[in-house]
Visitor: 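Dropping the structure in here first, questions after.
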Protein chains: 2
Amino acid sequence: MNPLHLQAPAPRPAAFLHQAGVPSSMEVGDPIGSRLRRLREQLDPVRRVVHAGETIFQAGERFAHLHVVNAGLFKLINTSADGREQVVGFKFRGDWIGFDGIADGRHKSDAVAMDTSEVWVLPYEQLLARSVQQPGLLGELHAAMSREIAHDRESMMALCTLPADARVADFLRYWAESLAMRGMRTDEIALRLTRAEIGNYLGMTLESVSRALSKLVRAGVIAFCSKGRRDVRIPDVEALGRFVQRYLVPASATLQ
Amino acid sequence: MNPLHLQAPAPRPAAFLHQAGVPSSMEVGDPIGSRLRRLREQLDPVRRVVHAGETIFQAGERFAHLHVVNAGLFKLINTSADGREQVVGFKFRGDWIGFDGIADGRHKSDAVAMDTSEVWVLPYEQLLARSVQQPGLLGELHAAMSREIAHDRESMMALCTLPADARVADFLRYWAESLAMRGMRTDEIALRLTRAEIGNYLGMTLESVSRALSKLVRAGVIAFCSKGRRDVRIPDVEALGRFVQRYLVPASATLQ
DNA sequence: CGTTCGATTGAGGAAGATCAATTAATGTGG
DNA sequence: CCACATTAATTGATCTTCCTCAATCGAACG
């Protein structure tokens with residue numbers, strides 16, 4: 001029996017088929033684009049351009065605005081009281097940034113642009129006021145927060161249950177999927193991250209990331225593009241998923 | 001320079017003093033109690049009693065209600081598509097449960113009672129309707145989601161940056177703090193979790209948990225109460241924090 | 001009172017970290 | 001444009017941490 005349940009719960013319902021990232025109010029084709037379009041119509045937000053390496057806010061600053069990524073790419077960096085630093089997330093086009101500041105009015109992380117990017121600045125109080133009039137807007141906000149919570153849980157799970165190589169494979173899969181969801185090329189992707197950053201995000205050293213990538217190349221699941229080892233070629237995203245699975249067959253792993 | 005920033009960002013603002021868990025709308029004394037009182041007045045929710053081992057919902061079920069813990073204690077369990085299972089969080093009195101189901105209308109985890117517990121059942125649509133009229137209610141909802149996101153990030157960080165022993169110490173500290181915040185005794189705590197569950201939550205084996213606890217006992221930071229090794233005596237919660245710190249001095253650790 | 005489940009502890013092994021050397025890409029000033 | 005400096009990535013050798021396997025012990029329960 002399932003060791004995590006103190007007592008065996010009722011059997012799992014049949015409709016148990018979910019994976020993160022599938023948006024709810026789905027317009028076929030381009031859910032994220034249409035999400036953004038609706039937001040722009042409803043809020044006509046101020047746009048702000050941020051260049052690579054610049055932040056939209058830093059941990060500790062007063063929270064007053066939420067941001068939505070309209071172009072580019074961000075990483076979120078947390079710093080613990082004792083100075084440990086970690087990349088805790090990435091934000092792509094259509095993602096919201098800044099939820100963790102709502103509770104006590106202070107941002108909890110640095111939001112750093114990884115490329116020239118554009119965010120829409122949404123004054124939180126104004127957003128609330130408009131949400132009250134436009135229920136669709138409120139739904140959008142809640143869905144975004146909900147997705148973030150669900151995704152963070154998936155990350156925790158990957159950290160806890162996957163060995164290093166599989167974690168790297170899973171990370172690439174996640175990245176490719178994020179791009180695909182936004183209608184971007186997924187066969188050749190530019191990570192714009194150092195091995196150290198990837199390792200920091202995945203809880204391993206940069207050497208382990210490098211070795212894992214080399215292994216994935218040897219396994220034929222990925223390849224590096226022409227010059228530089230920063231750009232990754234992924235002929236078949238599904239193959240990454242299968243690579244992750246292969247690691248789970250030995251210790252099939254319900255736990256223990 | 002900080003290796004995680006592509007370029008050096010502006011200096012960190014002085015008001016950089018945060019740690020998870022300090023609620024925003026703080027009534028001195030009992031922030032969680034007053035939060036619950038307000039909720040009850042505003043919503044007069046249906047109460048539901050759940051016994052140890054029973055679930056309030058399971059992953060895959062249709063999402064229709066949020067829940068607020070009024071008494072007892074829950075664990076959230078995620079299951080990946082391939083069958084990996086993990087405890088991804090705990091919910092104490094005053095915590096909300098079910099946010100991860102909002103986005104696509106399906107719950108993403110099992111919510112299992114760890115003790116006889118009472119939750120308030122809040123029909124999501126009704127909650128939205130009321131929130132539109134009562135802005136304080138909406139603020140409460142958002143604050144709860146925000147806290148959850150912030151806390152999950154802290155968990156990710158512990159998983160990625162702390163060695164096993166420190167992770168166990170940090171877990172006990174978190175648990176004691178959660179109890180303290182709710183006005184409960186913190187010098188003797190009943191975990192109601194097996195080593196396997198703790199290990200699963202912290203990404204390590206049950207043996208490692210056991211060894212870590214023994215080490216904490218030997219270090220004089222904790223002790224086991226009388227009969228059984230389930231109940232932990234924590235004479236000084238601060239000492240747990242210092243124990244965690246001690247692990248960080250060697251590899252002082254900004255990364256790399 | 002024996003059975004079962006959880007916890008502890010030890011021994012050995014494996015995954016990943018650390019240390020170190022080399023190579024590749026990027027950038028800089030002449 | 002090239003020599004040189006700098007930063008990132010790779011790869012190997014070694015070491016540490018944590019996992020795995022196994023035996024023992026204790027508590028709880030029928």
Side-chain angles (χ1 to χ4, degrees), chain A residues 1-8 52-53 114 159-169 190-200 202-218 222-232 246-248 250-256, chain B residues 1-8 52-53 114 159-169 190-200 202-218 222-232 247-248 250-253 255-256:
Chain A
M1 255 300 87
N2 183 333
L4 288 181
H5 291 86
L6 292 174
Q7 285 126 43
M114 299 174 66
L159 286 172
C160 284
T161 64
L162 294 181
D165 293 342
R167 247 158 36 225
V168 172
L191 281 178
R192 308 188 157 283
L193 282 166
T194 66
R195 305 292 190 253
E197 285 174 310
I198 298 173
N200 178 270
L202 296 177
M204 67 185 82
T205 61
L206 64 97
E207 291 94 332
S208 291
V209 174
S210 181
R211 279 185 245 269
L213 289 172
S214 299
K215 200 175 212 168
L216 287 168
V217 170
R218 256 175 280 130
I222 65 167
F224 289 119
C225 310
S226 55
K227 295 275 181 195
R229 287 166 225 81
R230 216 61 166 275
D231 298 359
V232 177
R246 219 166 304 153
Y247 271 91
L248 303 173
S252 188
T254 299
L255 142 71
Q256 232 198 40
Chain B
M1 256 298 91
N2 182 333
L4 289 181
H5 291 84
L6 291 172
Q7 284 128 43
M114 300 174 64
L159 286 173
C160 284
T161 63
L162 294 180
D165 293 341
R167 239 146 57 215
V168 172
L191 281 179
R192 310 188 155 282
L193 282 166
T194 65
R195 305 292 190 250
E197 284 175 310
I198 298 174
N200 178 270
L202 296 176
M204 66 185 83
T205 59
L206 64 96
E207 292 95 333
S208 291
V209 174
S210 181
R211 279 185 245 269
L213 289 172
S214 299
K215 199 174 211 169
L216 287 168
V217 171
R218 257 175 279 132
I222 65 168
F224 289 119
C225 310
S226 54
K227 296 274 179 192
R229 287 167 226 79
R230 214 61 166 276
D231 298 359
V232 177
Y247 271 91
L248 303 172
S252 191
L255 142 70
Q256 229 198 37

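Any value given below was found using the heavy atoms of this structure, including those in side chains, with hydrogens, waters and symmetry copies removed. Naming: A, B, ... by sequence-line order, numbering from 1 per chain. Values in this document were obtained by computation on a predicted structure and should not be read as measured data.
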Visitor: Looking at A:Arg218 and D:dT11, is any side-chain donor or acceptor paired with a base atom of the opposite kind under 3.5 Å?
Guide: no

Visitor: Over how many whole Å does the gap from A:Leu191 atom CG to D:dA9 atom C1' extend?
Guide: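 Value for this atom pair: 14 Å.
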
Visitor: Would you indicate which nucleotide in C:dA7, C:dT9, D:dA8 comes nearest to any side-chain atom of B:Glu207?
Guide: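 Closest nucleotide among those given: C:dT9.
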
Visitor: In Å and rounded to the nearest 0.5 Å, what is the OG1 to CG distance from A:Thr205 to A:Asn200?
Guide: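 Reported to 0.5 Å precision, the distance equals 11.5 Å.
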
Visitor: In whole angstroms, how far is the P atom of C:dA7 from the NZ atom of B:Lys215?
Guide: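 Spelled out: NZ on B:Lys215 to P on C:dA7 is 20 Å.
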
Visitor: Using whole Å, report how far OH of B:Tyr247 lies from P of D:dT17.
Guide: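 Atom-to-atom, B:Tyr247 to D:dT17, this comes out as 9 Å.
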
Visitor: To the nearest angstrom, how far is B:Leu213 atom CG from C:dT9 atom P?
Guide: 10 Å

Visitor: Which part of the nucleic acid does A:Ser208 contact within heavy-atom distance under 4.0 Å: base, sugar-phosphate only, or nothing?
Guide: sugar-phosphate

Visitor: Considering non-hydrogen atoms only, spot the tightest contact between A:Arg229 and A:Arg195 and give its length.
Guide: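 That would be O-NH2, 2.8 Å.
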
Visitor: Base, sugar-phosphate alone, or nothing: which one does A:Gly199 contact when heavy atoms must sit under 4.0 Å apart?
Guide: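 Touches nothing.
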
Visitor: State whether A:Arg195 places a side-chain N or O below 4.0 Å from either non-bridging phosphate oxygen (OP1 or OP2) of D:dA9.
Guide: yes

Visitor: Examine distances only and state if a side-chain atom of B:Ser214 and a backbone atom of B:Ser210 form a donor-acceptor pair shorter than 3.5 Å.
Guide: yes

Visitor: How close or far is atom C1' of D:dA8 from atom CG of A:Leu193, stated in whole angstroms?
Guide: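 Answer to the nearest Å: 13 Å.
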
Visitor: Rounded to the nearest Å, what distance is computed from the CG atom of residue B:Asp231 to the P atom of nucleotide D:dA27?
Guide: 13 Å

Visitor: Round to the nearest Å and state the distance from A:Leu206 atom CG to C:dA17 atom P.
Guide: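 Atom CG in A:Leu206 sits about 10 Å away from atom P in C:dA17.
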
Visitor: The side chain of B:Thr194 lies closest to which of these nucleotides: C:dA17, C:dT8, C:dG6?
Guide: C:dG6

Visitor: Using a cut-off of less than 4.0 Å, is there contact between a side-chain N or O of B:Arg230 and OP1 or OP2 of C:dA7?
Guide: yes

Visitor: I need the CZ-P distance between B:Arg192 and C:dG6, as an integer number of Å.
Guide: 15 Å

Visitor: Checking side-chain contact (heavy atoms from CB on, under 4.5 Å) for the pair B:Val217/B:Phe224: CA distance, chi angles, key distance, verdict?
Guide: CA-CA 8 Å; B:Val217 171; B:Phe224 289 119; 3.8 Å; yes

Visitor: Indicate, yes or no, whether a donor-acceptor pair under 3.5 Å links the base of D:dT20 to the side chain of B:Arg211.
Guide: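 Counting by modelled atom types and ignoring angles, a donor-acceptor contact under 3.5 Å is found here.
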
Visitor: Side-chain N or O of B:Ser214 versus OP1/OP2 of C:dT9: is the shortest distance under 4.0 Å?
Guide: yes

Visitor: Rounded at 0.5 Å granularity, tell me how far CG in A:Leu191 sits from CE in A:Met114.
Guide: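 One finds 8.0 Å between CG of A:Leu191 and CE of A:Met114.
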
